[in-house]
Enquirer: 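Here you go, one structure.
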Amino acid sequence: MDPQDFRFSTQISHLALDIGGTLIKLVYFSANGDNFEESSDGSIVVRSGCSVVEGRLCFAKFETRKIDDCLEFIRFNILHHSSGVKHPNGTAMDKLSVKATGGGAFRFADLFKEKLGILFDKEDEMHCLVVGANFLLKTVPREAFTYLDGQKEFVQIDHNDLYPYLLVNIGSGVSMIKVDGDGEYERISGTSLGGGTFLGLGKLLTKCKSFDELLELSHHGNNRVIDMLVGDIYGGTDYSKIGLSSTAIASSFGKAISDGKELEDYQPEDVARSLLRMISNNIGQIAYLNALRFGLKRIFFGGFFIRGLEYTMDTISVAVHFWSRGEAKALFLRHEGFLGALGAFTSYETQSHNNDLKSYHHTVEREIVNCSDDKIRHMPVTANLNDGETIECSINLV
Amino acid sequence: MAGPGEAEAKSQACACAGGGGGGGERDMAPSAPGTSSIHRSGSRPQLDLSKAEIQGNFEERDPTILLPNQSDDISHLALDIGGSLIKLLYFSRHEDYSNDDDKRKRTIKERLGITNGNLRSYPVLGGRLHFVKFETHKINECLDFIHSKQLHRRDPYPWSSKTLPLGTGVIKVTGGGAYKFADLFKERLGVSIEKEDEMHCLVSGANFLLKAIRHEAFTHMEGEKEFVQIDPHDLYPYLLVNVGSGVSIIKVDGEGKFERVSGTNVGGGTYWGLGRLLTKCKSFDELLELSQKGDNSAIDMLVGDIYGGMDYSKIGLSASTIASSFGKAISENKELEDYRPEDISLSLLRMISYNIGQISYLNALRFGLKRIFFGGFFIRGHAYTMDTISFAVHFWSKGEMQAMFLRHEGFLGAMGAFMSYEKHGLDDLMSHQLVERFPMGAPYTGGNIHGPPLGNLNEKISWMEKFVRRGTEITAPVPMAPSKTTGLGGFDVPSSRGSALRSDASALNVGVLHLVPTLEVFPLLADPKMYEPNTIDLSDQGEREYWLKVLSEHLPDLVDTAVASEGGTEDAKRRGDAFARAFSAHLARLMEEPAAYGKLGLANLLELREECLREFQFVDAYRSIKLRENEASLAVLPDLLEELDSMSEEARLLTLIEGVLAANIFDWGSRACVDLYHKGTIIEIYRMSRNKMQRPWRVDDFDAFKERMLGSVGKQPHRHKRALLFVDNSGADVILGMLPLAREFLRRGTEVVLVANSLPALNDVTAMELPDIVAGAAKHCDILRRAAEMGGLLVDAMVNPGDGSKKDSTSAPLMVVENGCGSPCIDLRQVSSELAAAAKDADLVVLEGMGRALHTNFNAQFKCEALKLAMVKNQRLAEKLIKGNIYDCVCRYEPPSLSQM
């Protein structure tokens, strides 16, 4: 093989995108400098005809409506870094192919081509999600954790006992996927009440400008002001006969039906809180019911909606715990928001080499202060568990 | 089965002891001891096991449903007080104004083995259930309503007549408000509230409605309602989803066996609550109405939005699938004010309905349930809500499960609370004992709020006049049933937005439920479960529009006739106007929403008209016409009989059938025939018509019938034991057509039972009128006279019917029974107990006339022989039914159906 081709393929594997309805998730590989130098020499050839590049997987995300920020980020942060590598024909920006998934891979294909000269190699969304989740669960230690009553507890997943599980990806909407093995999965359900609903309704109700602002608000709210609780209906007493405590929500936003109170009369914090509980609870319930159908004990929740937010995870966990009477467990992923992007990233290589990657090279996760550099002024302000984290890894190259 | 005499004796005993004898026929026992003038309101020969069940209930000291009719209106009530609506259900009984001294009835009773039943009991009913709604925040209106009807001063056991002293009453209440408003009830009405468990009430209410009301459940897909008949024996298990403020999901396994398996907090309260915050709507209905004009794609993020207009077909999601509810509202530069409230309402509605459908499906799946019934105030018969829920269930279950809805969806809890009274006996009611009627207000209101009741018809008419004039903002009066009509009771007042007709076409009306324990399924139906009375299905739009138009066009003539029948007084004119207005409104309502009153057949439509007339106290619009025609026909009868007697047996039989068909032209229900009347005398028209009866008729089984009657070569026919002749019109039709045929049967030793309407309908002859007609005919005919005497039809006859039958074995009695209805058609699932009793020994059923043989029962199969005779007096029907023309004739003879033999 022509070493130049290796270089080229190294180059494109630096970036994969998951463009959802609300957020763009980006995974890119940052090769360690020395390795990069070596690889640019074309000298590293590992056994089985594989070349290995040491480096880090970096994560970034942008709001889809601010796609220009994303374009700028890619232009300066990634294409810039790799500009040393020329296309064999000498036209660096020409026909650069990048793996992309999510609905936006279709919607924004022209935009990326026009602005960055990037061609999308579209990967199936569901496939990427599953591959990404499988990758994380198998290769990243302490990836999954439970969250109940404010206690976060990491769960060690036995690689041989991973399947089957239910993967719930909460994006703008929610997809529920039964995963039976590598590449074996089925979308069995979903709901339109997802992150988009939270942000959409939240914006209409509170005038919040962003998802994070809304989440922040919800921290300080009290849902009892707006939700109709069992106690509100039964005069403060439990309806214990059917196992409902007086603080259980009988009807989300049910108190807002009372006359005389307008939207302005409610605190945005309380509204945000009720909204968050409504959606989290609903997702938890539908997920549980679907897990029950197939006898799945583990439900992994991912997607940007969760964002490691304690209250969200708590509500989902409580819902799963309540409905399953403790039988089923809600688990969360530290890289929840990047499943699709990771899946797209790993799809650069053939299946066999993906396996190689996982088996030969244990990834090490390391906290990195900031993966963006000074040139990027419009980095999204989203602050959560994932931000600034990278996964140290190496990539096998054919 | 016990013989008639034995049964009578037994019934006397059972009235007191109850329960005792198996297999004997018993009457309902009287209650309310001490009032000797009380009549029993019905008789019920024991015909099958289900009846035995009913009887079993009477082992209690107090009998249940069938109580003596009181002189005053007895009522009782139960409530379901929810967060947003109060559902009130009350029961009333009405005065029995019939008398039991009629010799015909006594004779019939003796002969048919009906024990001391009150044969005029229909339509004086066991009682009525009225369904009423109030908004919870207007609870005072509800209290006023109860107070004005004195509903709270009744004995807690609704079947007792005692009026309680103030301060001692108890009312069954369910719903959260049972706790909240207990003090208010005590203070305002002096009654205590007995709280009933909500879930329990829901389930028992649903069980009752699903079993007792024939087409209570319906599916709703893509705007089309389809009523589903639930087999009461195959009801369980099912999933009941009650969508109130929140949602309860209940698995029901049987009577009293249920479990709340799930629920969701995203329910009606969420829709209304969020909707109020987002749209400033003032009421739930307003919000719902907004959604009708909405476009959810303005706010929801669709799959197409994400995929740039393409489907994500790999996982079966079309471009219009909602990927994220409200997902488009995240856009930066748009505020709440920039979205249309209509779109917001629709997005909300879809989000919540779909979610409910999905969670319900998942729960049904858990337990392997195929049927999911949705009820609760959120649904409200709202088409889009039902469609969305149905879609979700259908989509997720891949068509394996059915989402069904209930016509009385909002009243499940109240119904259950009512059921929780002891000894209500409702459990034992069966669908054939319930008749639902829609009073005049139904089309105007559709079912919302209530005000104080109105006392009489005059106030009702005033209310309607006011309503029609103002068309808006009428909150007060509620018509109350006058004591002598059947059609009224609970009545809903327009909502505040008040156009003349409800604009929300999808809402269903809930009528007044008449409990008629004396009604029975006609025992000769080959397969009662498969029986469908209506030949014409009005769910077909073309048919519906045609018949609504026919009725509409006929209306002015009918009003004139009705007003004239009462002497054309000012009062009659006013009532006539009101009737026209009310009935037109019904028609308009049905045009707009065919399913508004449940499953609609032509028979229902024709009955609605008769009920509407009665509601405005037109007792018998064709009275004078009927009298005149009877007189004229009786005058020519002797000549006709003489002519017939001169014929050979074979010629006579043909002439008789020709005569029945020819005489059937005298029908005031047919526009074409009314025009004919001005062209000659009755006998002229009759003879002309008969002469035109050239065989073969369009449907012509005469030869088969003749062979059955006269035998064939080498084969002697056996005579029929008893023939039931369902008669149609007064005048020539019955006198020159059916009476001579009856006479022929009598002459052959076949007992004849003339089956006629209980109440007037058009110019149809009634069971009340027949004895006089027969008496008139008997003056000129010995055969008829002897038979009528034996049948107890001749008031001054001295013959003891029992003796008569012993003395002369070849002579047979002529009897008259009422059919239990007041419509030109007949639904054989609901007939009087005396007809059911008469049917026991019958081996031939003769149905005559369009209403009974064509509009209904044309396809009915019987266990015995059947002869269906009619002249088709409607071009469209002729084309549709027999591919013929107007004035074509049907003579359909059918041997006993083998399907159930």
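Throughout, a chain's letter reflects where its sequence line sits, starting with A, and its residues are numbered from 1.
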Enquirer: Using the side-chain contact (heavy atoms from CB on, under 4.5 Å) rule, take A:L292 and B:L362 through it: C-alpha gap first, then chi angles, then the decisive distance, then the call.
Expert: CA-CA 9 Å; A:L292 191 70; B:L362 285 167; over 6 Å; no
Enquirer: Counting heavy-atom pairs under 4.5 Å to chain B, which of A:F198, A:F253, A:Y266 comes out on top?
Expert: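 Among the listed options, the one with the most contacts to chain B is A:F253.
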Enquirer: For A:Q285 and B:G263, which heavy atoms make the closest approach, and how far apart are they?
Expert: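 Result for this residue pair: NE2-O, 2.6 Å.
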Enquirer: Side chain, backbone, both or neither: which part of A:E264 has a non-hydrogen atom closer than 4.5 Å to chain B?
Expert: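 Side chain only.
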Enquirer: With a 4.5 angstrom heavy-atom cut-off, could you sort out which part of B:Y354 is near chain A: side chain, backbone, both or neither?
Expert: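 For B:Y354, neither part sits under 4.5 Å from chain A.
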Enquirer: Give, as side chain, backbone, both or neither, the part of A:E262 having an atom under 4.5 angstrom from any heavy atom of chain B.
Expert: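 Interface part for A:E262: both.
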Enquirer: For A:L204 versus B:L336, what's the shortest heavy-atom pair and its separation?
Expert: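 So the two residues come closest at O-CD2, 3.6 Å.
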Enquirer: Determine the minimum heavy-atom distance between B:S325 and A:T197, stating which atoms define it.
Expert: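 That closest heavy-atom pairing would be O-OG1, 2.7 Å.
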Enquirer: Any carboxylate oxygen within less than 4.0 angstrom of a Lys/Arg side-chain nitrogen, looking at B:E335 and A:K203?
Expert: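 No, B:E335 and A:K203 are not salt-bridged.
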Enquirer: Taking all non-hydrogen atoms of both residues into account, name the closest pair between A:G190 and B:Q358 and its distance.
Expert: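 That would be O-NE2, 2.6 Å.
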Enquirer: Is there a side-chain contact between A:N282 and B:I359, using heavy atoms and a 4.5 Å cut-off?
Expert: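 Yes, close enough: below the 4.5 Å cut-off.
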Enquirer: Could you tell me which portion of A:M228 (side chain, backbone, both or neither) has an atom closer than 4.5 angstrom to a non-hydrogen atom of chain B?
Expert: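 Contact with chain B is through the side chain of A:M228 alone.
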Enquirer: Looking at every heavy atom in both A:G173 and B:S324, which two are closest together, and how far apart are they?
Expert: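 What the structure gives for the nearest pair is N-CB, 3.8 Å.
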Enquirer: Yes or no on side chain to side chain donor-acceptor pair (under 3.5 Å) for B:N265 and A:N281, after CA distance, side-chain angles and deciding distance?
Expert: CA-CA 9 Å; B:N265 50 309; A:N281 193 31; 3.0 Å; yes
Enquirer: Give, as side chain, backbone, both or neither, the part of A:S210 having an atom under 4.5 angstrom from any heavy atom of chain B.
Expert: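 Contact with chain B is absent: no heavy atom of A:S210 under 4.5 Å.
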